[in-house]
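Accompanying notes for the structure given below.
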Amino acid sequence: MACSRTCSRILGLSLGTTALFAAVTNTLLLFPNWDVTYLLRGLIGRHAMLGSGLWGGGLMVLTAATLISLMGWRYGCFSKIGPCQRMLTALLSSGLALLGALICFITSGVALKDGPFCMFDVSPFNQTQAWKHGYPFKDLHNRNYLYDHSLWNSVCLEPSKAVVWHVCFFSTLLCISLLQILLVVIHFINSFLGLFCSLCEK
């Protein structure tokens with residue numbers, strides 16, 4: 001049981017840390033090239049504006065991490081609860097964290113597939129200049145921008161390095177949410193083992 005509580009403390013701290021990283025990463029996506037004017041002009045992509053790293057991988061996971069830590073330290077109302085109540089709380093916290101992490105994971109994956117929101121040239125064969133904001137890589141069926149780095153600096157005109165910013169931070173969010181899912185699975189297994197051990201002790 002002591003081992004299970006120690007594991008809960010570590011998992012709670014780890015999940016809380018990843019939640020803060022997810023929130024910071026999503027916040028940075030709102031300021032491409034450290035420029036606030038794109039946000040003020042409403043020129044931020046819908047995936048970043050959805051803020052799944054803020055409320056999904058961030059707030060939801062942080063709330064679950066707090067519950068897990070409180071159980072590990074047996075603080076407050078968690079000091080005298082029985083094994084069944086602990087298991088129920090573990091299930092609720094795991095479910096909350098898993099939902100938040102999955103939302104963040106799916107949103108990040110779709111964002112990487114669609115590509116960045118930027119200003120690009122839509123004129124045929126560059127005969128006339130016609131620029132607009134949108135997702136130039138979304139309907140690019142014959143080439144994958146993630147693997148074709150020659151497109152990174154040639155398609156998006158503004159903001160500069162839009163593709164690098166988009167790929168770096170959404171890839172980071174994808175990895176963070178994947179780590180969160182792994183930690184939630186470990187927490188669930190740890191809680192189940194803790195319940196089993198406490199019932200055996202009785």
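Computation of the quantities below employed the complete heavy-atom set of this structure, encompassing side-chain atoms and omitting hydrogens, waters and symmetry-equivalent molecules. In what follows, residues are counted from 1 in the order of the sequence shown.
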Would L182 end up clustered with L15 when hydrophobic side chains under 4.5 Å apart are linked, directly or stepwise? yes

Just by modelled atom types, is the A48 backbone N or O under 3.5 Å from a matching donor or acceptor in the N26 side chain? yes

Can you name the closest pair of heavy atoms from V163 and C156 and give their distance? CG2-SG, 4.1 Å

With a 4.5 Å limit on heavy-atom distance, are the side chains of F117 and R46 in contact? no

T107 side chain vs C104 backbone, donor-acceptor pair below 3.5 Å: no

For C118 against A162, the heavy-atom pair lying closest together: CB-CB, 4.1 Å

Would you call Y38 and L30 a side-chain contact if the rule is heavy atoms closer than 4.5 Å? no

Side-chain contact, heavy-atom cut-off 4.5 Å: H47 with Y135? yes

Do any N or O atoms from the side chain of W152 and from the backbone of Y145 form a donor-acceptor pair under 3.5 angstrom? yes

For S93 versus A64, what's the shortest heavy-atom pair and its separation? O-CB, 3.2 Å

Side chains of L173 and F170, heavy atoms from C-beta outward: is any pair under 4.5 Å? yes

Is the closest side-chain heavy-atom distance between L99 and I103 below 4.5 Å? yes

Are F21 and W55 connected in a single hydrophobic cluster, I mean Ile/Leu/Val/Met/Phe/Trp/Tyr linked by side-chain heavy atoms less than 4.5 Å apart? no

Donor-acceptor contact below 3.5 Å, side chain Q180 vs main chain V61: no

Are L178 and L29 linked, directly or through intermediate hydrophobic residues, by side-chain heavy-atom contacts shorter than 4.5 Å (ILVMFWY only)? yes

Consider side-chain contact (heavy atoms from CB on, under 4.5 Å). Of V24, L59, T27, which one does L54 pass it with? T27

Are any side-chain N or O atoms of W165 and backbone N or O atoms of W34, one a donor and one an acceptor, separated by less than 3.5 Å? no

What about the rings of F137 and H166, do their centers lie closer together than 6.0 Å? no

Just by distance, do the side chain of S177 and the backbone of L174 share a donor-acceptor pair under 3.5 Å? yes

Is it possible for you to say whether M60 and L67 belong to one hydrophobic cluster, with membership spreading through side-chain heavy-atom contacts below 4.5 Å? no

As a test of understanding, state which of L43, T37, I44, L39 forms a side-chain contact (heavy atoms from CB on, under 4.5 Å) with P32. I44

Say whether I181 and V184 are linked into one hydrophobic cluster, either directly or through other cluster members, by side-chain heavy-atom distances under 4.5 angstrom. yes

